[in-house]
Amino acid sequence: MSNGENGIKLEPAANQAELDRKAQELLEEKEADSRMRTYVGPMDKVIAVLLIVWTVFQLYFTTIGVISAINLRAVHCIFLLMFTFLLFPTYKKEQRKRTLPPIWDIVLIVLSIGTFGYLIMNYTRIAQSGGRVSQMEIAIAAVAIVVVFEAARRASGNLAILAAVFLAYNWFGEYLPGLLGHNGFTLKRVLITQFWGTQGVLGTGIGVSATYIFLFVVFGAFLKHSGFSKFINDFSLTLVGQTSGGPAKVAVVASGLMGMINGSAIANVATTGTITIPLMKRTGYKKEFAGAVEAVASTGGQFCPPIMGAVGFVMAEFLSVSYTVVMLAAIVPALLYYIGLLLAVHFEAKRLGLSGLSKENIPDAMKVMKEQGHLAVPLVALIGLMLAGYTPLYSAVISIFATVAASWLRKETRMTPDKIVAAIIEGSKSAISVGVCCVIIGVIIGTVTLTSMGLNMGYIILNVIDNDNIYVTGFLVMIMSTILGMGVPGVAAYVIVQAVAVPVLIGAGVLPLVSHLFCLIYACLSNITPPVAMSAYVASGIAGSDQTKTGLWAVRLGLIGFIIPFFFLDNPVLLIGVDKAATGAQTAWAIATAILGTCSLVAALEGWLIAKASIVERIVLLLVAPCLLYPGIMTDAIGIVAIAVIIAVQYMKRKKAVV
């Protein structure tokens, strides 16, 4: 590395292969997706064919095919369980290279097909009889639940333990006092709810997996194999690479865009982090800071429009509104989050005296757009179709085909049949673990519904605090959402919190869309919230930094994300289209002052605005940040005047220093 007038010249990392290996090990430790078995011989081909069949089935029946919702969910569940027992090892240290699956996994696959296949053939009869089931059918339900828990143990780990606690609450809750308890339920009642009803394992969770999640995960895989990831990286370099702290800003832009598409913060850190983190370290950033930047950038993609890691589509379904409504509402929180992160890396670069990358390390913008710009066509098609009124599912399927078509516009990016098959296999494999998470979440939601836990929890919170204090309610819900989201993929985390935490806010008088968005943001931010900050810990492993320090840096860099939801809790003018009474000018002014407030907060934390800030200036900046974030004429005036004074003082100090 050398510093010159034209910026930093970077040589390729000598140990990139070692970094990739380390990232893979970290990913395997934190995410079950990366611990899959590999087969040699005919079994490898059999699994590939089955994955392709599954994908074709999903694409057909979520668009033009006709199938009942319960049958779609049951067949989807059969595929999920079958692939879990074929691909996920029974225990971590199991020999993963095999010719055939173990005999016990074959038994589990037979049980999965048998139990859910029986449900498909008999569900209509049982539903028409008012839910009357025989003792044999109760036994079938018990076997199915055991099989689901074993699949969840392999694919989701801690979530299976949480679901087991909820399941136990069905019986042991009768021994708890007050609103925490209930009258108790028989084994038969619980099993009917969890398996034969539509509130358990075949409820909302698996419905989300069978539609939105699967399609958008496959769409993400097609984008990756078309070369879209390289386009995003090169585009980011041309955009911010030469500015102060360019490599960190590239990490923010590229990781945010990719995290928005793939919806997995942990996987995104492990893939893009092996490139961005060493680049930031070689530029001059501290290793803890570099790891934190990557973790925070990857995490924010889960609530960043226009795709929001597929969560936005699920939210629209729950709220029974157009996806456009959700997408518009999420724009400002995501915008402030990433502006805060970009300002943090910029101020840190200025404080440390870091320059950007040299021109020779930056690809030519026109060349990038000419050679790779066509790869953005699928994303444009997706947004355009949804804005035109088509459903997200239809739009996603068309965008998958558009990805292949767009790749053929240039020979260098052309998706050959081999690449298409690889995208199908990778996408469908990536959908397995999050799908199993959604199945086991059904146990949690089924318990919440049967026992009225959600309502009871809301009553407890609202009775403990002053009913009029919406901020204290929000604080308790924030803690609840963060805990429930720990170690769980973004979509799965949202499905949990919308069942448990969202009703509490709605009960306190918060608008439904605001409540859902509030809980979603904190569920996603659990990825950077110690002590289970998985994204930050994977990033620290790549950076070779201290886990605790990296986690704390991540909280600091993403602090605006933790704060901003409280400012739209009872005054949703910051959420575009939500506050019907607000004019366009009022919304625009609120957004502008919120951006200024974000700048003030970050400047206070980093100790830099246009020059090094004194202690007094940092305190003032910290105090006026909430004034600007809160929509109000008086508070805005105080904040603007205070920042103007600080800028004037710093400008004079800098001018004197130059003289």
Side-chain angles (χ1 to χ4, degrees), residues 243-245 248-249 252 285-286 288-289 292-293 296 332-333 335-354 471-472 474-475 478 521 525 528 549 552-571 573-574 586-659:
T243 62
S244 296
K249 293 175 184 174
V252 172
Y285 286 106
K286 293 179 181 178
E288 285 82 11
F289 186 91
V293 168
V296 175
V332 175
L335 178 69
L336 295 177
Y337 181 86
Y338 279 103
I339 285 176
L341 184 54
L342 283 168
L343 286 171
V345 298
H346 178 75
F347 291 155
E348 182 74 3
K350 288 293 187 181
R351 191 177 66 81
L352 297 175
L354 305 179
Y471 295 106
V472 177
F475 180 75
M478 175 192 76
I521 290 173
L525 291 178
I528 58 170
K549 289 181 180 179
L552 293 174
W553 261 109
V555 171
R556 178 174 166 178
L557 291 174
L559 188 59
I560 191 65
F562 289 94
I563 292 174
I564 196 62
F566 282 94
F567 288 94
F568 64 67
L569 200 56
D570 72 335
N571 193 349
V573 67
L574 283 173
Q586 288 173 324
T587 300
W589 176 259
I591 294 170
T593 55
I595 291 172
L596 195 56
T598 300
C599 179
S600 179
L601 176 65
V602 175
L605 294 173
E606 293 297 323
W608 190 280
L609 188 54
I610 63 171
K612 185 177 180 180
S614 66
I615 294 296
V616 173
E617 289 170 343
R618 294 179 72 172
I619 292 172
V620 172
L621 287 167
L622 191 61
L623 291 175
V624 301
C627 295
L628 290 160
L629 288 168
Y630 184 83
I633 299 298
M634 184 60 69
T635 54
D636 289 345
I638 293 170
I640 291 170
V641 169
I643 287 187
V645 170
I646 290 174
I647 289 175
V649 170
Q650 288 197 350
Y651 177 78
M652 294 301 295
K653 284 195 299 185
R654 194 170 70 172
K655 193 173 181 181
K656 285 181 180 179
V658 172
V659 174

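These numbers come from the heavy atoms of this one structure, side chains and all, not from hydrogens, waters or symmetry mates.
V645 is linked by a side-chain contact (heavy atoms from CB on, under 4.5 Å) to V641, V649, counting only residues two or more places apart in sequence or in another chain. Remark: F289 engages Y285, W553 in a ring-ring contact (aromatic ring centres under 6.0 Å, His included) (not counting sequence neighbours). Listed by chain and number, the residues in a side chain to side chain donor-acceptor pair (under 3.5 Å) with R556 amount to none (sequence neighbours excluded). Under the rule for a side-chain contact (heavy atoms from CB on, under 4.5 Å), the partners of L623 that lie at least two apart in sequence or sit in another chain are I619. With sequence neighbours excluded, the residues that form a side-chain contact (heavy atoms from CB on, under 4.5 Å) with L596 are L628, I640, I643.
Note: E288 CD to L557 CG = 12.0 Å, rounded to the nearest 0.5 Å. Atoms CD1 and CD1, on I564 and I521 in that order, are 8.5 Å from each other to the nearest 0.5 Å. Taking CG of L335 as the start and CD1 of I560 as the end, the distance is 10.5 Å to the nearest 0.5 Å. Rounded to the nearest 0.5 angstrom, L559 CG and L601 CG are separated by 5.5 Å.
Judged by distance alone, the side chain of R618 and the main-chain N or O of A603 form no donor-acceptor pair under 3.5 Å.
Scanning both residues, A625 and S600, for their nearest heavy atoms gives N-OG, 3.8 Å. Across every non-hydrogen atom of L622 and A604, the tightest pair is N-CB, 3.6 Å. Considering all non-hydrogen atoms of both residues, A642 and V624 come closest at CB-CG1, 3.5 Å. Residues A292 and A554 approach most closely at CB-N, 3.5 Å, considering heavy atoms.
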Please list, one pair per line, the donor and acceptor atoms closer than 3.5 Å that link side chains of residues 606-615 to other protein atoms, with sequence neighbours excluded.
unit_1 : atom_1 : unit_2 : atom_2 : d
S614   : OG     : E617   : N      : 3.2

Atom pairs and distances, side-chain donor-acceptor, residues 336-346, under 3.5 Å, sequence neighbours left out:
unit_1 : atom_1 : unit_2 : atom_2 : d
Y337   : OH     : V296   : O      : 2.7
Y338   : OH     : A297   : O      : 2.6
Y338   : OH     : G301   : N      : 2.8
H346   : ND1    : K249   : NZ     : 2.9

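Residue pairs meeting the side-chain hydrogen bond (donor to acceptor under 3.5 Å, both in side chains) criterion with at least one member in residues 620-639, sequence neighbours excluded: W589-D636. Sequence neighbours left out, the pairs with a member in residues 337-348 that pass salt bridge (Lys or Arg N to Asp or Glu O under 4.0 Å) are E348-R351.
Contact annotation: the side chain of L574 never approaches that of L629 to less than 4.5 Å [non-hydrogen atoms, C-beta and beyond]. By the 4.5 Å heavy-atom criterion applied to side chains, P333 and F567 are not counted as neighbours.
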